[in-house]
Amino acid sequence: MRTCIGLDIGRSSVKVVARSDAGRAQLLFPSSVCPSIPLTDEREAARATSDTVRLNGSSFFFGETAQLQGGDDLAGGLRDDWVFTPNHAVLFKGALWRLKLMNVPGLDSALIILGLPAQLYASQKRELTESMKPYAPATAEIRVSSQPLGPYQQLLFTADGSETGEFNADDSSWGVIEIGQYTTDYALLLEGRVIENAFGSTDGMSICATRLQKTLQDRGISITMVEATQCSESQRLKQLGKWIDLTAEVDSATQPLASRVVDKANHLIGRHARALDGILVAGGGAPLLMPALRRAWPHVQLLEKPRFAVAEGFHRFALALEQYRKTTLAA
């Protein structure tokens, strides 16, 4: 079978799901990038080889090594043109390098699905496809999809790319809210058809992280964007050897984003919400915003492993596309 890869290069982390003749592979690493430096500790230098790629003649650390050795705070990803930066290209190459180290076969001819925020999809999809080709194997195929379609594709297809038996896309309608670090993205599918004017985006979890930074700064505690993002999920912070509970602070920092997400969802899909079979909620920030979303719409559904929902859906779509192509050729 052709190796199929769903690749979600997010602003805070890179999520990858791949299926090949060797089976399923999955990985997650921070979206941190920095120029590589000599490492004098032999054990650390050996460990860093899995986090090092070359781009345009220069060597870069990515992932955990870049976060620890370079102190990257992820601020470089908070811009609309980020997918055209060297950092994004490093993370793309890094994902393929990590899969190679996992002995995933067929990478040279793989089908790779990438994502873009909903509001940027139409304007950037063609350019992103072309800009990634120099960093992929020559015979690999790159396709770009709108990020909120990934969670829906996870619902539509099974893990092997077959259509879900109990799910009839033509007879059901769904909304999607995908809450990422830079953007929260929306999609609406009525009787299996994507509604163009319901694609949209608003702020993502970085807004909460920034507010949490400010709140703690007022208390004399300075934290990085990486720490603020981690604290938003764990709701605690280690300060001078002791854990501080941040439940109240995180809740306060989250409320403004929750209001924006609900308002934007109402604008894009609200008039259809009553008749929808459900609203799928995914992304790293999904668990935090679920209480506010559930108050607005009781039929919201938090997907299993919401952080991986986009990559999972993309990889299932890639498998389904390959099955369709084989069936068409056979006919």
Side-chain angles (χ1 to χ4, degrees), residues 1-2 4-8 15 17-19 24 26 111 113-118 121-122 125 143-179 184-201 261 264-283 286-287 290 293-294 296-331:
M1 64 176 291
R2 187 181 192 183
C4 292
I5 302 170
L7 182 51
D8 178 13
K15 286 76 66 177
V17 180
R19 185 171 292 273
R24 176 189 170 92
Q26 177 177 304
L111 171 57
I113 310 292
L114 289 167
L116 275 170
Y121 174 66
K125 62 178 180 179
R143 295 175 66 98
V144 176
S145 179
S146 180
Q147 282 173 197
L149 291 183
Y152 178 73
Q153 289 161 347
Q154 181 177 343
L155 184 71
L156 183 59
F157 301 111
T158 64
D160 64 359
S162 303
E163 290 190 13
T164 306
E166 65 275 11
F167 177 72
N168 184 351
D170 295 336
D171 194 34
S172 61
S173 299
W174 294 83
V176 181
I177 303 175
E178 196 268 323
I179 306 161
T184 296
D185 296 299
Y186 307 84
L188 177 65
L189 298 105
L190 300 179
E191 298 178 355
R193 302 178 68 172
V194 178
I195 305 305
E196 184 66 27
N197 62 9
F199 274 136
S201 303
V261 169
K264 188 70 172 181
N266 264 321
H267 174 70
L268 293 172
I269 65 177
R271 67 190 182 95
H272 298 283
R274 178 190 55 78
L276 295 177
D277 291 88
I279 299 174
L280 305 175
V281 185
M290 274 301 291
L293 296 174
R294 188 167 284 120
W297 305 289
H299 57 335
V300 293
Q301 299 181 23
L302 179 65
L303 286 174
E304 184 180 1
K305 297 180 180 179
R307 186 183 298 275
F308 272 92
V310 172
E312 178 67 36
F314 284 174
H315 124 272
R316 294 187 183 192
F317 170 72
L319 289 166
L321 179 60
E322 279 302 291
Q323 290 188 25
Y324 171 76
R325 286 170 170 174
K326 289 179 180 179
T327 300
T328 303
L329 287 174

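This is a predicted model, so every value here is computed, not measured.
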- prompt: Pairs in or reaching into residues 185-196: which pass side-chain hydrogen bond (donor to acceptor under 3.5 Å, both in side chains), with residues at least two apart or in two chains?
  reply: Gln147-Asp185, Thr183-Asp185, Asp185-Ser201

For residues [X] and [Y], report the shortest heavy-atom separation together with the two atoms involved.
X: Ala198; Y: Ile269; result: CB-CG2, 4.3 Å
X: Ile179; Y: Ala286; result: CD1-CA, 3.8 Å
X: Val300; Y: Met290; result: CG2-CE, 3.6 Å
X: Gly200; Y: Ala118; result: O-CB, 3.3 Å

Give, for atom [atom1] of [X] and atom [atom2] of [Y], the distance between the pair rounded to the nearest 0.5 Å.
X: Ser172; Y: Leu190; atom1: OG; atom2: CG; value: 10.0 Å
X: Glu163; Y: Asn168; atom1: CD; atom2: CG; value: 8.5 Å
X: Arg294; Y: Leu302; atom1: CZ; atom2: CG; value: 7.5 Å
X: Leu329; Y: Lys326; atom1: CG; atom2: NZ; value: 10.0 Å

task: Just jot down the side chain to side chain donor-acceptor pair (under 3.5 Å) partners of Arg19, sequence neighbours excluded, or say none.
output: none

query: Yes or no on side chain to side chain contact (heavy atoms under 4.5 Å, CB included) for Val310 and Lys15, after CA distance, side-chain angles and deciding distance?
result: CA-CA 8 Å; Val310 172; Lys15 286 76 66 177; over 6 Å; no

Listed once per pair and sorted, the salt bridge (charged side-chain N to carboxylate O under 4.0 Å, His left out) pairs that draw on residues 144-153, sequence neighbours left out: none

When you compare the side chain of [Y] with that of [X], does any pair of heavy atoms fall below 4.5 Å?
X: Leu188; Y: Leu268; value: no
X: Phe314; Y: Ser145; value: yes
X: Leu276; Y: His299; value: yes
X: Phe308; Y: Val17; value: yes

query: Among Arg24, Lys305, Arg307, which residue meets the salt bridge (charged side-chain N to carboxylate O under 4.0 Å, His left out) test with Glu312?
result: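 Running salt bridge (charged side-chain N to carboxylate O under 4.0 Å, His left out) over Arg24, Lys305, Arg307 with Glu312 returns exactly one hit, Arg24.
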
Hey, can you pull the donor-acceptor pairs under 3.5 Å for the side chains in residues 148-161, sequence neighbours left out?
from   : atom 1 : to     : atom 2 : distance (Å)
Thr158 : OG1    : Asp160 : OD1    : 2.4
Thr158 : OG1    : Ser162 : N      : 3.2
Thr158 : OG1    : Ser162 : O      : 3.3
Asp160 : OD1    : Ser162 : N      : 3.1
Asp160 : OD1    : Ser162 : OG     : 3.1

message: Applying side chain to side chain contact (heavy atoms under 4.5 Å, CB included), can you list everything that pairs with Glu322, at least two apart in sequence or on another chain?
response: Arg2, Cys4, Leu111, Arg325

Side chain to side chain contact (heavy atoms under 4.5 Å, CB included) partners of His267, counting only residues at least two apart: none

Verdict with supporting geometry, Ile177 and Trp297, side chain to side chain contact (heavy atoms under 4.5 Å, CB included): CA-CA 12 Å; Ile177 303 175; Trp297 305 289; 4.3 Å; yes

message: Tell me whether His272 contacts the main-chain N or O of Leu189 through its side chain, where contact means a donor paired with an acceptor under 3.5 Å.
response: no

